[in-house]
Peer 1: 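Submitted below is the structure of interest, expressed as structure tokens.
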There are 2 protein chains.
Amino acid sequence: MKVLKQRSTCPISTALDVLGDKWVLLILRDMVFAGKSTYGQFLQSAEKMATNILADRLAVLESQGILNKAVAADKKSKFTYRLTEKGVDTVPLIIELVLWGAKHCPTIIDPRLLAELQDEKAAAVEKYKQLARDMARA
Amino acid sequence: MKVLKQRSTCPISTALDVLGDKWVLLILRDMVFAGKSTYGQFLQSAEKMATNILADRLAVLESQGILNKAVAADKKSKFTYRLTEKGVDTVPLIIELVLWGAKHCPTIIDPRLLAELQDEKAAAVEKYKQLARDMARA
DNA sequence: TCAAAACACTTGCAAATTGCAAGTGAAAAT
DNA sequence: ATTTTCACTTGCAATTTGCAAGTGTTTTGA
């Protein structure tokens, strides 16, 4: 059981104690926007995270109740990671990261997705939260 | 001039290359919600960041165009750091961090601030963006 | 049925980053 | 003139990262 130290009682600081890590948020991105759920799928991302870092971050996220680990339905040797409701609640944060990155950094993004997030943010947040929930049940 | 390496062309990943750091976001928090603008003020936060880390992160934020450094109006030995519009645009992200932290972690927050952020998020985002802009002119 | 492949990690280690304490140098106050 | 304030810098031990290789179960396929 991974234990994180809380630096203060500030909500921002405490949120950052777990979410203030590049790899953690890329895992959440892959779950929300790419529907990924296994160790092998997370390793295939463009950012090439190291295997030990991935294992460590999955353990942190599980111990923090942001995702659940379970044996896959089809294979006993496979695990699936699913978002809890606490994990689903990071969707608005991830969407703000998309919007900031797309506006201020040189990046590549599907223009339709960007338009959807910009023009109907509240609806898009609900849509991706629900998608994340549906995947968690699958 | 600090150079950051971009891990991919994904907007989330690229945003995280600069914002995916606990100390960077605490500096932005202090500017937006506490109106801080000097090296000495940042050092006084509850999280006690080390002096060398603070100097490093301020240099990163300046080189990324998120804040500007200028000699203070009153004293030549003092610098003031102010948010650029790129920095002001992190306000929605910071507000999502507040909401997630307050909802899912044991933290302490003024109930009126929380209610304001929860019940009228869009208006609150605009309000704090404008406050941040006004401080940048002061 | 038995060897090979897939899958999810673990381990070892060099290199980079962090956190702490102390030091530096210029301007302000006394 | 001297002390204090302010904004850093430096040195160094300890932690964390990133890379490559290895381990131990399933599962697939001949």
Side-chain angles (χ1 to χ4, degrees), chain A residues 1-8 13 16-27 30-31 34-64 67-82, chain B residues 1-8 13 16-27 30-31 34-64 67-82:
Chain A
M1 174 78 164
K2 285 263 167 190
V3 179
L4 297 181
K5 64 167 172 247
Q6 186 167 346
R7 290 172 296 176
S8 76
S13 173
L16 288 171
D17 287 335
V18 48
L19 299 180
D21 176 272
K22 300 170 204 254
W23 299 119
V24 158
L25 281 158
L26 289 182
I27 292 170
D30 284 348
M31 298 185 83
K36 294 185 183 177
S37 63
T38 68
Y39 187 94
Q41 289 176 324
F42 296 130
L43 281 183
Q44 284 158 31
S45 300
E47 294 83 11
K48 299 287 167 216
M49 93 178 80
T51 57
N52 53 345
I53 304 290
L54 174 58
D56 178 82
R57 295 307 190 277
L58 286 172
V60 169
L61 286 168
E62 193 190 2
S63 80
Q64 295 301 310
L67 47 79
N68 286 319
K69 179 182 187 174
V71 175
D74 51 336
K75 296 182 188 180
K76 254 188 291 190
S77 68
K78 219 169 160 178
F79 293 105
T80 40
Y81 296 91
R82 303 291 187 189
Chain B
M1 174 79 163
K2 285 264 169 190
V3 179
L4 297 181
K5 64 167 172 246
Q6 186 167 347
R7 290 173 297 177
S8 75
S13 173
L16 289 171
D17 287 335
V18 47
L19 300 180
D21 176 272
K22 300 170 204 255
W23 299 118
V24 158
L25 280 158
L26 289 181
I27 292 170
D30 284 347
M31 296 184 84
K36 295 184 183 178
S37 64
T38 68
Y39 186 94
Q41 289 176 323
F42 296 130
L43 280 183
Q44 283 157 31
S45 300
E47 294 83 9
K48 298 287 166 216
M49 90 178 84
T51 57
N52 53 343
I53 303 290
L54 174 59
D56 178 82
R57 295 307 191 275
L58 287 172
V60 169
L61 285 168
E62 193 191 2
S63 79
Q64 296 300 310
L67 48 79
N68 287 319
K69 180 180 186 175
V71 175
D74 50 336
K75 296 181 187 180
K76 253 188 291 191
S77 69
K78 217 169 162 179
F79 293 104
T80 39
Y81 295 91
R82 302 291 186 188

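The chains referred to below are lettered A, B, ... by the order of the sequence lines, with proteins before strands, and numbering in each begins at 1. Just so it is clear, the structure is predicted and the values come from calculations on it, not from any experiment. Just the heavy atoms: all of them, side chains too, but no hydrogens, waters or symmetry mates, feed the values below.
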Peer 1: CG of B/Leu54 versus P of C/dT17: gap in Å, rounded?
Peer 2: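 In whole Å, C/dT17 P lies 18 Å from B/Leu54 CG.
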
Peer 1: Once you round it to whole Å, what is the distance between C1' of C/dT10 and CG of A/Leu43?
Peer 2: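 So the two atoms are 13 Å apart, to the nearest Å.
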
Peer 1: Which whole-number value in Å describes the distance from A/Arg7 CZ to C/dG19 P?
Peer 2: 8 Å

Peer 1: Atom CZ of A/Phe42 to atom C1' of C/dC7: distance rounded to whole Å?
Peer 2: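 Roughly 14 Å, once rounded to whole Å.
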
Peer 1: Output yes when a side-chain donor or acceptor of A/Tyr39 lies under 3.5 Å from a complementary backbone atom of A/Thr51, and no otherwise.
Peer 2: yes

Peer 1: When you look at B/Gln41 and B/Thr38, which way does the side-chain contact (heavy atoms from CB on, under 4.5 Å) test go after all the steps?
Peer 2: CA-CA 5 Å; B/Gln41 289 176 323; B/Thr38 68; 3.2 Å; yes

Peer 1: Check nucleotides 15-19 of chain D for protein N or O atoms closer than 3.5 Å to its own N or O atoms and list the pairs.
Peer 2:
unit_1: D/dT17; atom_1: OP1; unit_2: A/Arg57; atom_2: NH2; d: 2.8
unit_1: D/dG18; atom_1: OP2; unit_2: A/Trp23; atom_2: NE1; d: 3.1
unit_1: D/dG18; atom_1: N7; unit_2: A/Asn52; atom_2: ND2; d: 3.4
unit_1: D/dC19; atom_1: N4; unit_2: A/Asn52; atom_2: ND2; d: 2.9

Peer 1: Could you go through A/Leu58 and A/Phe42, starting from their C-alpha distance and side-chain angles, then the distance that decides it, and tell me whether this counts as side-chain contact (heavy atoms from CB on, under 4.5 Å)?
Peer 2: CA-CA 10 Å; A/Leu58 286 172; A/Phe42 296 130; 4.0 Å; yes

Peer 1: Look only at the side chain of A/Asp17 and the backbone of A/Arg7, and say whether a donor-acceptor pair between them is shorter than 3.5 Å.
Peer 2: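 Such a contact is found between A/Asp17 side chain and A/Arg7 backbone.
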
Peer 1: Could you state the CE-C1' distance from B/Met49 to C/dT17, rounded to the nearest angstrom?
Peer 2: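 Whole-Å distance recorded here is 16 Å.
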
Peer 1: Within 45 degrees of the axis of the six-membered ring of B/Phe79 and under 6.0 Å from its centre: does B/Lys69 put its NZ or CZ there?
Peer 2: yes

Peer 1: Show, in sequence, the C-alpha distance, side-chain angles and deciding distance for B/Met31 and B/Leu67, and conclude whether the side-chain contact (heavy atoms from CB on, under 4.5 Å) test is met.
Peer 2: CA-CA 10 Å; B/Met31 296 184 84; B/Leu67 48 79; 3.7 Å; yes

Peer 1: Compute whether any side-chain donor of one residue and acceptor of the other, for A/Lys36 and A/Ser45, lie under 3.5 angstrom apart.
Peer 2: yes

Peer 1: Enumerate the protein-to-nucleotides 1-7 of chain D contacts in which both atoms are nitrogen or oxygen and the separation is below 3.5 Å.
Peer 2:
unit_1: D/dA7; atom_1: OP2; unit_2: B/Gly40; atom_2: N; d: 2.9

